[in-house]
Visitor: 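Quick one: this structure, given as structure tokens, is what I'll be asking you about.
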Amino acid sequence: MDDIDSMFTDLLGEMDHLAQSLGYEMEPSEMSSSSQRENNFSIGFTDLNESLNELEDQDLDALMADLGSDLAETEERLNATKTGHVHTQQHKSGYSTPQQNVRAPISLSQMSSLAYSSSALPPEPPKPLLPGEAEAQAKTDKIKLALEKLKEAKFKKLVVKVMMSDGSSKTLMVDERQTVRDVLDNLFEKTHCDCSVDWSLCETNHELQTERGFEDHEYLVEPLSAWTRDSKNKIIFLLRPNKYLFFKDPQIFYLWKKDKKCMNEIKESHKELLLKENVDGPSLIVPDLEGLLYLREDGKKSWKRRYFLLRASGIYYVPKGKTKTSRDLACFIQFDKVNIYTTTDYKQKYKAPTDFCFILKHPQIQKESQYIRFLCCDDEHTLSLWVNSIRVAKYGTTLYKNYQTAMRRASTITSTLHLTSLPASSPSTPSTVHRATARANGHTPQEYLPEPPPDFIPPPPAGWGSGV
């Protein structure tokens with residue numbers, strides 16, 4: 001019997017030691033995750049306090065309301081969970097715990113402290129603030145409260161500085177539920193610009209000298225979360241005419257082997273037919289693009305020409321001494337986990353043959369890495385062919401839906417502006433619609449005169465008072 005007791009005691013000790021070791025190992029990871037999240041509250045600012053100061057008053061109020069609703073919902077859920085747990089415990093035990101409602105007796109030290117506090121002089125009233133100071137103090141208080149609530153928010157939120165093409169900037173609050181399309185609509189309202197389908201949000205990487213336009217369906221917080229705290233990356237709001245060039249001029253990509261003059265003279269009906277045959281269906285047909293490109297080999301500074309072919313799954317190349325048949329092709333890269341980025345001044349940075357380069361990399365890679373693939377084109381037209389075709393191969397029909405949504409948005413705003421710019425017609429003046437209806441019915445539309453004022457006295461008929 002003693003042996004069993006000793007064995008049981010040893011087992012409990014080992015379990016306790018194991019629990020302590022597990023708790024000790026979990027704490028650092030939790031601390032690191034919380035600190036990582038704390039570091040990613042703002043993009044484009046030195047700290048979160050600075051970013052919140054840049055928010056406009058209505059945006060800060062909207063943030064406070066949103067955070068308040070998030071926390072209220074979370075507290076209700078936690079209270080419901082706790083209440084259910086208490087009811088379960090009471091049901092199991094069969095009685096309640098009235099001791100929770102009984103107040104503990106007050107000790108002498110507590111009574112003396114209460115007496116001292118009651119006898120102490122009341123605090124001095126705060127000095128009145130000027131109107132400008134009161135507003136500044138109110139915003140400061142809001143920022144302090146927002147800093148606390150952001151740490152407990154249900155959804156991840158970022159304060160983002162967006163650069164404009166003229167050098168100015170706009171500060172936005174973005175949460176993880178918002179797509180790039182949502183942020184673009186927000187910027188349209190803030191900047192009062194047109195809603196052209198060419199407007200884009202782009203990220204620039206200072207170290208890699210790259211640029212990429214975010215796709216409208218992407219959730220903006222996700223790629224921004226990959227940026228490091230000390231990153232010099234920027235978000236820019238600008239017009240990119242090539243954003244939806246694939247759907248505006250599909251002949252450039254599907255008829256790329258033909259003469260450029262022939263493609264420029266193609267009719268709109270032929271463009272619509274190309275879209276219907278290749279894009280507007282359950283699956284999108286990727287252009288059969290192929291040609292010579294310069295490749296920067298791993299770990300080397302030299303660039304070599306290779307023959308590449310585009311397929312729906314990725315880019316393939318023809319090994320030396322092989323043909324372009326499918327069985328001889330070697331896979332260069334697949335698109336499922338990489339994005340495509342255009343580059344700046346790679347002729348000087350990497351001794352590229354031209355400045356028309358692009359790279360393919362995982363979005364988490366923010367610095368130079370052996371896992372980046374470098375390619376270089378002969379001219380700007382070839383670069384546009386490959387970059388846009390790769391985007392289409394990666395995203396498929398989703399990209400076409402983005403284009404259709406952007407077109408609907410632009411047409412809606414344009415029609416609204418057109419209606420608001422029309423002059424208001426007078427009730428006494430016939431409209432153009434009435435005139436057109438009269439002509440359609442075979443009648444000559446009468447020239448209506450405006451109604452006379454109420455005190456108008458008509459002149460007498462001709463010959464009145466002449467004695468005739």
Visitor: Nearest 0.5 Å, please: how far is CZ in F332 from CG in L309?
Guide: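 Rounded to the nearest 0.5 Å, the CG-CZ separation comes out at 13.0 Å.
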
Visitor: Are side-chain heavy atoms of Y244 and N402 found at a separation under 4.5 Å?
Guide: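 Yes, side chains in contact.
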
Visitor: Please walk me through it: do L224 and V221 pass side chain to side chain contact (heavy atoms under 4.5 Å, CB included)?
Guide: CA-CA 5 Å; L224 297 187; V221 168; 5.7 Å; no

Visitor: Please find the pair of heavy atoms, one from W303 and one from L375, that lie closest to each other, and give the distance.
Guide: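 Minimum heavy-atom separation between W303 and L375: CZ3-C, 4.1 Å.
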
Visitor: Quick check for you: to the nearest 0.5 Å, what is the distance between Q364 atom CD and N339 atom CG?
Guide: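 It comes to 11.0 Å.
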
Visitor: In plain terms, say whether K157 and E176 are close enough for a salt bridge, that is, a side-chain N and a carboxylate O under 4.0 Å apart.
Guide: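 The answer is no: the pair does not qualify as a salt bridge.
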
Visitor: Hydrogens and angles aside, do D194 and S196 bring a side-chain donor and acceptor to less than 3.5 Å of each other?
Guide: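 No.
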
Visitor: Start with the C-alpha distance between N388 and S384, add both sets of side-chain angles, then the distance that settles side-chain hydrogen bond (donor to acceptor under 3.5 Å, both in side chains), and finish with yes or no.
Guide: CA-CA 6 Å; N388 287 287; S384 177; 3.2 Å; yes

Visitor: Would Y307 and Y317 count as a close aromatic pair, with their ring centres under 6.0 Å?
Guide: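 No, too far apart.
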
Visitor: Kindly indicate whether the side chain of Y294, heavy atoms from C-beta on, has any atom under 4.5 Å from the side chain of K304.
Guide: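 Side-chain contact under 4.5 Å: no.
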
Visitor: With distance as the sole test, does Q366 use its side chain to make a donor-acceptor pair with the main-chain N or O of W227 at under 3.5 Å?
Guide: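 No, the answer is negative, given that no donor and acceptor are paired below the 3.5 Å cut-off.
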
Visitor: Can F246 and Y403 be said to form a side chain to side chain contact (heavy atoms under 4.5 Å, CB included), step by step?
Guide: CA-CA 10 Å; F246 191 97; Y403 171 67; over 6 Å; no

Visitor: Measuring from atom CD of E203 to atom OG1 of T210, what distance do you get when rounded to the nearest 0.5 angstrom?
Guide: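 Going from CD on E203 over to OG1 on T210, the span is 7.0 Å.
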
Visitor: Rounded to the nearest 0.5 Å, what separation is found between the NZ atom of K161 and the OG atom of S169?
Guide: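 Going from NZ on K161 over to OG on S169, the span is 5.0 Å.
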
Visitor: Please indicate whether M407 has more than 12 foreign heavy atoms, meaning atoms of other residues, nucleotides or ligands, lying under 6.0 Å from its CE.
Guide: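 Check fails, neighbour count at 12 or below.
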
Visitor: Is D175 salt-bridged to K156, cutoff N-O under 4.0 Å?
Guide: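 Salt bridge: no.
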
Visitor: Step by step, work out the ring pair (Phe, Tyr, Trp, His ring centres under 6.0 Å) result for H217 and Y395.
Guide: CA-CA 10 Å; H217 66 275; Y395 299 109; 5.1 Å; yes

Visitor: Got a salt bridge between R409 and D216, using NZ or NE/NH1/NH2 to carboxylate O under 4.0 Å?
Guide: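 Salt bridge: no.
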
Visitor: Might you point out which heavy atoms bring F358 and I340 nearest each other, and give the distance in Å?
Guide: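 What the structure gives for the nearest pair is CD1-CD1, 3.6 Å.
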
Visitor: Contact between I315 and F335 at the side-chain level, heavy atoms closer than 4.5 Å - yes or no?
Guide: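 I315 vs F335: side chains touch.
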
Visitor: Given side chain to side chain contact (heavy atoms under 4.5 Å, CB included), test H362 with Y371 step by step and report yes or no.
Guide: CA-CA 8 Å; H362 192 282; Y371 299 106; over 6 Å; no

Visitor: As an exercise, state the distance from NZ of K258 to CD1 of I266, rounded to the nearest 0.5 Å.
Guide: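 Atom-to-atom, K258:NZ and I266:CD1 are 9.5 Å apart.
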
Visitor: With no hydrogens and no angle check, is any side-chain donor or acceptor of T191 less than 3.5 Å from a backbone partner on L187?
Guide: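 Yes, the answer is positive, given that a donor and an acceptor are paired below the 3.5 Å cut-off.
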
Visitor: Under a 4.5 Å cut-off applied to non-hydrogen side-chain atoms, are C376 and Y350 in contact?
Guide: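 No. Closest side-chain heavy atoms not under 4.5 Å.
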
Visitor: For F247 and Y400, run ring pair (Phe, Tyr, Trp, His ring centres under 6.0 Å): C-alpha distance rounded to whole Å, both residues' side-chain angles, the deciding distance at 0.1 Å, then the answer.
Guide: CA-CA 7 Å; F247 308 112; Y400 187 51; 5.1 Å; yes

Visitor: Closest approach of K367 and I372, non-hydrogen atoms and distance?
Guide: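 The answer is O-CD1, 3.8 Å.
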
Visitor: Looking only at heavy atoms, which two atoms of T397 and V279 are closest? And how far apart?
Guide: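 Scanning both residues, the minimum pair turns out to be CG2-O, 4.4 Å.
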
Visitor: Under 4.0 Å between a Lys/Arg side-chain N and an Asp/Glu carboxylate O for R212 and E218?
Guide: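 Answer for the salt bridge query: yes.
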
Visitor: Under the criterion salt bridge (charged side-chain N to carboxylate O under 4.0 Å, His left out), I'd like the reasoning laid out for D378 against R305: C-alpha separation, chi angles, the key distance, then a yes or no.
Guide: CA-CA 11 Å; D378 285 325; R305 287 171 72 89; 3.5 Å; yes

Visitor: CG/N205 to NZ/K232 distance, rounded to the nearest 0.5 angstrom?
Guide: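 Answer for the CG-NZ pair, N205 versus K232, is 11.5 Å.
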
Visitor: Kindly indicate whether the side chain of L310, heavy atoms from C-beta on, has any atom under 4.5 Å from the side chain of I390.
Guide: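 SC-SC contact between L310 and I390 confirmed.
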
Visitor: Does K248 pair with D198 as a salt bridge, N-O distance under 4.0 Å?
Guide: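 Yes, K248 and D198 are salt-bridged.
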
Visitor: Between C377 and W386, which heavy-atom pair has the shortest distance, and what is it?
Guide: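 Reported closest heavy-atom pair: SG-CD1, 4.4 Å.
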
Visitor: Tell me, yes or no, whether the heavy-atom count around E222 atom CD, taken from other residues, nucleotides or ligands under 6.0 Å, exceeds 12.
Guide: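 At most 12 heavy atoms, drawn from other residues, nucleotides or ligands, come within 6.0 Å of this atom.
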
Visitor: What I'd like to find out is whether the side chain of L158 reaches to under 4.5 Å of the side chain of M173, using heavy atoms alone.
Guide: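 Side chain of L158 against side chain of M173, heavy atoms only: no contact under 4.5 Å found.
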
Visitor: Taking the side chain as everything from C-beta on, heavy atoms only, tell me whether T171 gets closer than 4.5 Å to V160.
Guide: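 Not touching, per the 4.5 Å side-chain cut-off.
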
Visitor: Any heavy-atom pair between the side chains of I236 and M164 that's under 4.5 Å?
Guide: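 Answer no - side chains too far apart.
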
Visitor: Any donor-acceptor pair under 3.5 Å linking the side chain of K347 with the backbone of K351?
Guide: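 Side chain of K347 to backbone of K351: no pair is present.
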
Visitor: Report yes or no: does Y254 contribute a side-chain atom to a donor-acceptor pair with the main-chain N or O of I285 at less than 3.5 Å?
Guide: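 Indeed, once roles are kept as given, a pair shorter than 3.5 Å links the two residues.
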
Visitor: Could you check K271 against Q251 for side chain to side chain contact (heavy atoms under 4.5 Å, CB included), going step by step and ending with a plain yes or no?
Guide: CA-CA 7 Å; K271 293 182 183 180; Q251 76 281 2; 3.6 Å; yes

Visitor: Is it the case that more than 12 heavy atoms not belonging to K234 sit under 6.0 Å from its NZ atom?
Guide: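 No, the 6.0 Å shell around NZ holds no more than 12 heavy atoms from other groups.
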
Visitor: Identify whether the distance between the nearest side-chain nitrogen and carboxylate oxygen of R240 and E211 falls below 4.0 Å.
Guide: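 Result for this pair is yes, salt bridge flagged.
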
Visitor: Any donor-acceptor pair under 3.5 Å linking the side-chain atoms of Y219 with those of Q178?
Guide: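 Per modelled atom types, Q178 and Y219 side chains form no pair under 3.5 Å.
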
Visitor: Taking CD in E380 as the centre, count heavy atoms belonging to other residues, nucleotides or ligands within less than 6.0 Å. Is the count above 12?
Guide: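 Counting other residues, nucleotides and ligands, CD of E380 stays at 12 neighbours or fewer.
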
Visitor: If I compare all heavy atoms of P363 with all of Y341, which pair ends up nearest, and what's the gap?
Guide: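 The pair with the smallest heavy-atom distance is CA-OH, 3.7 Å.
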
Visitor: State, without any angle test, whether T323 and D328 hold a side-chain donor-acceptor pair at a distance under 3.5 Å.
Guide: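 Distance-only check passes for T323 and D328.
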
Visitor: So, D379 versus T382: side-chain donor-acceptor pair below 3.5 Å or not?
Guide: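 Yes, because at least one side-chain N or O of D379 sits under 3.5 Å from a partner of the opposite role on T382.
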
Visitor: Does a side-chain N-to-carboxylate-O contact under 4.0 Å join D185 and K190?
Guide: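 No, no charged N to carboxylate O under 4.0 Å.
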
Visitor: Side chain to side chain donor-acceptor pair (under 3.5 Å) with E290: which of K324, R311, K257?
Guide: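 Between E290 and the candidates, side chain to side chain donor-acceptor pair (under 3.5 Å) is satisfied uniquely by K324.
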
